[in-house]
Amino acid sequence: MPNLRVAHAVTTDEMAIVPCTDDLLKPYETAHPQFRQFLGKFTDPFGAKVSPGVLLLSSDAPETFKSVEAVSSFRDLIALSVIPIQRARGIVHDGSHYVQYSDYFDFYPWVYHEGHQHLVCNTPAQVALHEVRVFRGQTSPILSALDFEQRDLDSPLLNALLERWRVRYGTRRPEWSDRALFRSLNMAAAASRIPAGVDLTTFSLGRNIGLWVSAFEILTHTGQDKVRLWDVYDRLGTIAWRRKKLQARRYKPTSSKTKRNLACWIYGEIYRVRNDFLHGNPVDGKSLTVKRSGRNLFSYAPILYRMALSGFLDIKPPITNSVEWSRARFDFHSNQGDVEEALLSVLVSDAAFKADRAARLSRVRMVSRQVLRET
């Protein structure tokens, strides 16, 4: 994974993603010096050295964890534990330097093969073998390599997904819901890719929107009959929202005869636009724009998907001593707070949202200073 400077390892008993300097790699590097040489040959397109992240698979792991699907699902769940929360933080905290695309989590196609003692590449496009000596690895030219740290992760979501990953790939006969979850994550990872490079068009964004709708539908599918639009609405309506504005049934989304919450309205707009793009209906540069706020629906699909996952996995605040500070409790409320605040911004212009947030923060500071004076 050369596109991320991995500073924080994500580990389970069966699999891990670690920095290339991790002690877990040293025994293998001692036995295979060319592997260490391989890791040291990555740069960005301008020649600056890059330290890639490395995926490790335990030799003691059950065979069910050793498939390409299991490895890809491990990568997908990590990507979707980063991208939605970073999208939300980008809106709420006004930033664009976050890891917001799944391309950052791409596996490099050339890998060291200890049997051949060469590099091998096996993709749908080519099967090839070459020498480590002449290898020159590069990060993707479409990305700027970013740091990957613990704070980038949505820990409550990550922990829930890791638990289900071990259940899903710990058996040869998984439940429908576990199959659906990781099929949906795979579709969401595809939807999270950069829509295009310098050739970006509205059509590029619309194509990704279509993949997001598929990710929602797969997650909602129970294995019985077909998934309909209102099935997704029903799922979004049962999520444990913290904000009253997200609980309120004030909106009439696409094709709904009854009023539903804001999450359903957002999904209805995404669904309607997806139909226009994928069915060849007339579209233009404003098709993805929310008229009331000028916001782009493309940014809200992954954020809404995070809450769909929260409902599916039944993620709840940890039970702890309410008096004592808890990292887990802080992460739960902080992350869901950012996600919900980002969703609430969909009908508010960027300028109005920033002004309102600044005013609220100012009031909090005033109250804090008053409390400090009184104590």
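Aromatic ring pairs are classed by plane angle as parallel below 30°, tilted from 30° to 60° and perpendicular above 60°; the pair W176 and H221 is tilted.
In this structure, R250 has no salt bridge (charged side-chain N to carboxylate O under 4.0 Å, His left out) partners at least two apart in sequence or on a different chain. For K66, the salt bridge (charged side-chain N to carboxylate O under 4.0 Å, His left out) partners two or more places apart in sequence, or in a different chain, are E63.
Connection of F42 to L143 is not established within any shared hydrophobic cluster, with ILVMFWY side chains joined at heavy-atom distances below 4.5 Å, either directly or through further cluster members.
Ionic pairing of K245 and E340 is not present here: no N-O contact between side-chain nitrogen and carboxylate oxygen is shorter than 4.0 angstrom. Classification of E69 and R168 as a salt-bridged pair holds, one side-chain N sitting under 4.0 Å from a carboxylate O.
Listed by first and then second residue, the side-chain hydrogen bond (donor to acceptor under 3.5 Å, both in side chains) pairs involving residues 22-42 are D23-K26, Y28-E114, E29-R36 (not counting sequence neighbours). Judged as a ring-ring contact (aromatic ring centres under 6.0 Å, His included), the pairs with a partner in residues 266-300 (not counting sequence neighbours) are, in order, F216-Y267. The side-chain hydrogen bond (donor to acceptor under 3.5 Å, both in side chains) pairs that include a residue from residues 191-202 are D103-R193, D106-R193, T201-S204, where partners are two or more places apart or lie in different chains.
Exactly one of D44, L4, T43 qualifies for a side-chain contact (heavy atoms from CB on, under 4.5 Å) with T139. That residue is D44.
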Show every donor-acceptor pair shorter than 3.5 Å between a side-chain atom in residues 180-189 and any protein atom, with sequence neighbours excluded, or say none if there are none.
unit_1 : atom_1 : unit_2 : atom_2 : d
S184   : OG     : A215   : O      : 2.6
S184   : OG     : Y305   : OH     : 2.7
N186   : ND2    : D76    : OD2    : 3.2

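Listed for the N208 side chain is a donor-acceptor partner under 3.5 Å among the backbone atoms of A191.
Distance CG/L77 to CG/L161: 5.5 Å, rounded to 0.5 Å.
Geometrically, R295 engages F353 in a cation-pi contact, judged by NZ or CZ lying under 6.0 Å from the ring centre and within 45° of the ring axis.
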